[in-house]
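See structure below.
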Amino acid sequence: VLLSGRGAFVAEGDLTLTTPGMVAESSATQQIIALGALNVLAPKNGPGSISGGDLGASLTLRGASVTVTSDIELPSGLLTLNATQGDVTVGGRLNVSGTAQPLYDSVNYTDGGQISIVADQGSVDFQKRSVVSVAAQRGGGDAGSVEIRTPNGNFQIAGKFDGQGGKDGRNGSFSLDVGSLPKVSSVSDILDKGGFTESRSFRVRTGDVLIDGTTLSRNFDLSADAGSITVAGTIDASGQTGGSIALSAAGSLTMLDGAS
């Protein structure tokens with residue numbers, strides 16, 4: 001599927017698109033909206049290989065529920081998946097990574113883009129095959145950001161997240177607004193591997209939160225709206241200029257022996 005120009009496609013019921021992937025022309029701004037379930041599905045033999053598309057496009061996929069198993073390639077772009085009633089399920093590749101642009105005898109690097117995943121009433125599930133990239137090219141550029149909002153549901157993450165910055169660039173940022181999150185390590189372990197070390201922000205609407213394992217982030221904040229926070233592991237915000245750590249709980253804040 002090739003997206004171009006500015007516009008929207010609206011289906012009054014369910015909508016299923018079967019395609020190896022979606023790409024866009026430069027600066028395209030498009031919305032695909034279904035009042036029922038919206039499914040963007042890879043063919044039975046898998047998503048295959050698709051070209052990267054042009055820079056700076058914006059795509060919104062909105063439905064009562066949203067399932068994406070195809071690949072979406074929007075270099076340095078903006079991608080939003082929004083489920084208004086049910087869940088957002090991702091089993092494909094969401095790629096808004098930066099690019100290298102040759103210019104005569106030099107190379108310019110574009111930054112990674114932004115991915116927003118919103119489930120107004122349901123949960124967000126990144127399946128094992130899923131890949132999310134807001135990374136920059138190794139030669140330069142800043143990585144982008146990933147925002148997850150599922151205030152009435154849960155967040156499941158089993159895929160790969162890539163937020164590595166380029167040479168002298170910033171690494172990726174991540175924010176999560178979630179109904180409950182018993183253990184931070186269920187998310188942070190994957191983010192650490194993927195290089196999301198510029199900033200991490202967690203808002204947990206209900207229940208207690210355990211900060212276990214090691215979390216690497218120059219700026220880290222976590223709030224528990226209706227519960228307590230227990231720190232059993234390490235929050236590492238160190239660096240040449242130092243970072244920041246902010247913890248806020250409606251209940252108690254406890255640091256166990258050995259926590260730092």
Without hydrogens or angle criteria, can the side chains of [X] and [Y] be said to hold a donor-acceptor pair below 3.5 Å?
| X | Y | answer |
| --- | --- | --- |
| Ser199 | Ser173 | yes |
| Thr84 | Asp120 | no |
| Ser248 | Ser223 | no |
| Ser76 | Thr110 | yes |
| Ser97 | Asn95 | yes |
| Ser145 | Glu147 | no |
| Thr234 | Ser260 | yes |
| Asp87 | Thr89 | no |

Problem - Path from Leu17 to Ile33 over hydrophobic side-chain contacts below 4.5 Å - result: no
Are any of the side-chain nitrogens in [X] or [Y] under 4.0 Å away from the carboxylate oxygens of its partner?
| X | Y | value |
| --- | --- | --- |
| Asp168 | Arg138 | no |
| Asp177 | Arg205 | yes |
| Asp142 | Arg170 | yes |
| Lys193 | Asp162 | no |

Practice task
Determine the interplanar angle of the Phe161 and Phe174 rings, folded into 0 to 90°, and report it as parallel if under 30°, tilted if 30 to 60°, perpendicular if over 60°.
Solution key: perpendicular
Practice task
Specify whether Phe155 and Phe126 have parallel, tilted or perpendicular ring planes, treating 30° as the upper limit for parallel and 60° as the lower limit for perpendicular.
Solution key: perpendicular
Problem - Thr80 and Asn82: CA distance, side-chain angles, deciding distance, side chain to side chain donor-acceptor pair (under 3.5 Å) verdict - result: CA-CA 6 Å; Thr80 300; Asn82 178 204; over 6 Å; no
Practice task
Mind checking the CD-CZ spacing from Gln30 to Arg6? Nearest 0.5 Å is all I need.
Solution key: 9.0 Å
Handout entry: Reported CG-to-CD distance for the pair Asn152 and Gln121, which is rounded to 0.5 angstrom
Key = 5.0 Å
Among [options], which one satisfies side-chain contact (heavy atoms from CB on, under 4.5 Å) with [X]?
| X | options | answer |
| --- | --- | --- |
| Val146 | Val134, Leu94, Leu79, Val96 | Val134 |
| Arg200 | Val187, Leu191, Leu176 | Leu191 |
| Ser188 | Ile211, Thr215, Thr214, Ile235 | Thr215 |

Practice task
Look at the side chain of Thr150 and the backbone N and O of Val178, then say whether any donor-acceptor pair between them is shorter than 3.5 Å.
Solution key: no
Practice task
Measure across Arg218 and Glu198 and return the closest heavy-atom pair with its distance rounded to 0.1 Å.
Solution key: NH2-OE2, 2.7 Å
Exercise for the section: Please report the closest heavy-atom contact between Val88 and Val118, naming both atoms and the distance. Expected result: CG2-O, 3.6 Å
